[in-house]
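Here's the structure we're looking at; comments come further down.
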Number of protein chains: 2
Amino acid sequence: MSDSSFNPVPLIRKKRDSQSLSDTEIERLIRAYTDDQIPDYQMSAFLMASFLNGLSDAEAAALTRAMLYSGIVLDLRDIPGTKVDKHSTGGVGDKLSLILAPIVASCGVPVPMISGRGLGHTGGTLDKLESIPGFTVDITLERYREILEAEQMVLAGQTEDIAPADKRLYALRDVTATVESIPLIAGSIMSKKLAEGIDALVLDVKFGSGAFMKKKEDAVRLAETLVGIGEEFGKETIAYLTNMEQPLGYAVGNWLEVKESIEGLQGDGPADVMEISHLLAGTMIHLGKQAATIEEGIEKSRRAVSDGSAFRKWVDIVRAHGGDTRVIEAPDRYNYAEFRQPVRSPKSGYITAMDAFAMGMVSLELGAGRRSKEAAVDPAAGFILRKKVGDYVEQDETFAVLHTNNDSMLKPCGEAMINAISISAEKPEASGTVALRVDRSGIHEQFAQ
Amino acid sequence: MSDSSFNPVPLIRKKRDSQSLSDTEIERLIRAYTDDQIPDYQMSAFLMASFLNGLSDAEAAALTRAMLYSGIVLDLRDIPGTKVDKHSTGGVGDKLSLILAPIVASCGVPVPMISGRGLGHTGGTLDKLESIPGFTVDITLERYREILEAEQMVLAGQTEDIAPADKRLYALRDVTATVESIPLIAGSIMSKKLAEGIDALVLDVKFGSGAFMKKKEDAVRLAETLVGIGEEFGKETIAYLTNMEQPLGYAVGNWLEVKESIEGLQGDGPADVMEISHLLAGTMIHLGKQAATIEEGIEKSRRAVSDGSAFRKWVDIVRAHGGDTRVIEAPDRYNYAEFRQPVRSPKSGYITAMDAFAMGMVSLELGAGRRSKEAAVDPAAGFILRKKVGDYVEQDETFAVLHTNNDSMLKPCGEAMINAISISAEKPEASGTVALRVDRSGIHEQFAQ
């Protein structure tokens, strides 16, 4: 529908003056922007006004709807089962999707998962998948349905067809200092997830130094906004707030994380990683109607690991996506990075803190991440921690091993790793990983399983 | 100086987070924008952040300086005398410049006046001047200096050379709902006035329905900001707050206002017009060092009218600018509009209010104003009031006469004029025109002279 006479100035003024826009107004604004009927400079003024004056839940939902219907929305109703996906707001060492999706699929819940690439200090699921030789996420819609129906799980990259308005808005936000707005972040996440054709969604909202949300209260607001939007669209949505003060697990870097996720699927994963994986997987199994409660879902999740069905599912998925299953079944066959250098502790004591953000940047510098969208990543680069917060380390003991093909980064990255840890004579108190659950009934304290 | 690596995002973020920018930061931002090194969408995000979070006095001064030095700044130091100009924030029927500038010049104070065209409901001084046959403001810088030195007064239109950054920023503000920001308005006004090469400035800051500032408190803040910037640049600046609840004087429209200003210079002007004219002129004469006090300046102003010297000065100025002095000396020779239609009162009573904004829009519709920058104006269009607030009017008595060459506007404009007045049996209390004076020592109550 042509809308050439649309004047956005009254809508910018409304938001500037802290008034609410109607669903129709937001829809017209986004459509006019996507159709190149209004210029970037008017949208950026609207974005800054929205950043500073906020958007109501209704406005955030309308924004999500407008971005969602700017592109294709998959209809998976002809595929049996209650489709459930999981989204994480991103963290350092976050390989949870690679563990929980095969678990959930092996329990009979279809998981249609469309993921993005990493940017900055956090890695992206797509980069991790593509570190598996031969693995492709570049598949047709037809093949996407086929794999999902056959394997109860499929992995794809976000295409130009999905929420193109979000893509344009995100690029504009990135250069106008309007990224860190909770309703804008929520709209961006949900417009992409709802396009997948899911029936329910589990969210892992991370907070702390290694997450995008540094403060817990911001993460709570984001979780509430995400759940509100999901419920507005009739999709049951449960969010967990999880702590990202130190990297998740021991491995950071694309293949290194795939390898750690294989260990997790084989029952040999790090405690923190497996705790959250089972919680999120159990919740997905419950939302996918294969367990009456979350607790029952968690039980099923543990069993899928211990009886080997989750790992077998993962091998099948890798094969379906063209990946080399030999490295999945025998990770030591992988072509690791040329340089592997230990990082030694400058003194003895307990590790009291690890700066997850700084460590994420180390991983990026070693080659595992990208500074700009066009950059390529080194699948083998990253690091393996040998110690985590609470562990005792001797002077000169190796607490991490750097992996890279770029030897010029070994020295600065080694120094950065040392600067990223704090050591003290006193053993720190253990802090839980999962803090809160947010669902349509409100905010709940969540204790470690 | 090339500055191609300049990244504005950290500065946008600072203002977004209510932090102050340094002089250097603001200067770099404006220079980069003017040099096309940063796009409109980043500047509009900065403008919206500035609109919502404000700019400090220091930031407003730095913005003014950056816009001022984006173009030429006249140096009039070789012309004798203390150069003083006056600026009005614009109102309906505001012909004060045409009265006070000849008065001040005739008292020996040079007045270098660069004016803009009108837009929307208020007229512009340039449009009024150009309603005089032959009058041109399109003069070279050489001729500008010649006229100023010979006549102590010169009138010119704003050129592309003066504060080009302001011109670009204003155009962007206009389409991004960021116009009504006090520091941005103040920076825009002062960058243009300071480019004139003045030594001191008198400001007429209008408030009320017919002004851009509807609320008196906003007008006070604008006056304080303007005075603060002027003093920051070492130019003594005095602002008056004047009431624009009804049109100023009786005439609205380009030539009609020139004619009323001639009557004022001949000692036959409306009381409200002459009161403000003498106050502003007296202040300019004082700032121009031709009177020890404002009061003495006002006395000199009155004398310049009563002894005919101000009117003779006006005839000389019109001649210097190529205008037809015959219509100045005998206004009835003017080529008036083809249609002149009375507007009659719907009932008897006292006029208690006149909606100056609505009447400004009537003048525009009759042909005297422009909706867009490119539109032409009809020099003869407008209206003459016969009654003002406080006057008694009989039912069917003519309270205004419309002048236009566009007969299709007579009916709707007549109706709009009737809707713009309020009539009551009770005589309203008289309210003063001049409310406050703002100078470097603060805010002062100002009583009618």
Side-chain angles (χ1 to χ4, degrees), chain A residues 5-21 25 29 32-34 36-55 119-120 165 167-185 212 214-215 218 371-372, chain B residues 5-21 25 29 32-34 36-55 119-120 167-185 212 214-215 218 371-373:
Chain A
S5 64
F6 178 63
N7 176 10
V9 176
L11 305 192
I12 303 171
R13 189 177 292 122
K14 259 190 169 177
K15 185 43 62 190
R16 180 197 82 187
D17 296 342
S18 293
Q19 293 167 21
S20 288
L21 274 68
E25 286 173 330
L29 185 68
Y33 181 62
T34 312
D36 286 323
Q37 284 173 15
I38 65 172
D40 286 335
Y41 56 77
Q42 291 184 314
M43 186 50 73
S44 69
F46 178 79
L47 289 171
M48 184 57 83
S50 300
F51 186 104
L52 290 171
N53 288 335
L55 293 173
L119 187 62
K167 204 179 182 82
R168 282 195 57 186
L169 279 174
Y170 187 83
L172 186 60
R173 284 164 57 206
D174 195 37
V175 291
T176 55
T178 50
V179 169
E180 307 92 329
S181 154
I182 284 167
L184 295 178
I185 291 170
F212 282 109
K214 307 298 175 200
K215 287 186 283 186
D218 290 340
R371 287 187 179 283
S372 67
Chain B
S5 66
F6 179 63
N7 176 11
V9 176
L11 305 191
I12 303 172
R13 189 177 293 123
K14 258 190 170 176
K15 185 42 63 188
R16 179 197 82 186
D17 296 343
S18 293
Q19 293 167 21
S20 288
L21 275 69
E25 287 173 329
L29 185 68
Y33 181 62
T34 312
D36 285 322
Q37 284 172 15
I38 65 172
D40 287 335
Y41 56 78
Q42 291 185 314
M43 186 50 75
S44 68
F46 178 78
L47 290 170
M48 184 57 82
S50 300
F51 186 105
L52 289 170
N53 288 335
L55 293 173
L119 187 62
K167 205 178 183 83
R168 283 196 57 186
L169 279 174
Y170 187 84
L172 187 59
R173 286 165 56 205
D174 195 37
V175 292
T176 55
T178 50
V179 169
E180 308 92 331
S181 152
I182 284 167
L184 295 178
I185 292 170
F212 282 108
K214 306 299 175 199
K215 288 186 284 186
D218 290 340
R371 287 187 178 283
S372 68
K373 280 177 191 158

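Residue numbers begin at 1 in each chain, while the letters A, B, ... track the order of the sequences.
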Quiz item: How close do Ser44(A) and Ala45(B) get, heavy atom to heavy atom, and via which atoms?
Solution: OG-N, 3.9 Å
Quiz item: Is there a donor-acceptor pair under 3.5 Å between the side chain of Arg16(B) and the backbone N or O of Ala177(A)?
Solution: yes
Practice problem: Working to the nearest 0.5 Å, report the span between CD of Gln42(A) and CG of Asp40(B). | Solution: 10.5 Å
Quiz item: CE of Met48(B) to CG of Leu47(A): how many Å apart, nearest 0.5 Å?
Solution: 10.0 Å
Exercise. Under the side-chain contact (heavy atoms from CB on, under 4.5 Å) rule, what do Met43(A) and Tyr41(B) come out as? Steps first, then yes or no, please.
Key: CA-CA 8 Å; Met43(A) 186 50 73; Tyr41(B) 56 78; over 6 Å; no
Quiz item: Which bit of Asn7(B) comes within less than 4.5 Å of chain A, counting heavy atoms only: side chain, backbone, both or neither?
Solution: neither
Quiz item: Given that the side chain runs from C-beta out, which part of Phe51(B) has a heavy atom under 4.5 Å from chain A: side chain, backbone, both or neither?
Solution: side chain
Quiz item: So which part of Leu11(B) gets closer than 4.5 Å to some heavy atom of chain A, the side chain, the backbone, both or neither?
Solution: neither
Practice problem: Kindly give the heavy-atom pair with the smallest separation between Val175(B) and Ile12(A), and that separation in Å. | Solution: O-CD1, 4.2 Å
Quiz item: Distance from Lys15(B) atom NZ to Leu52(A) atom CG, nearest 0.5 Å?
Solution: 11.0 Å
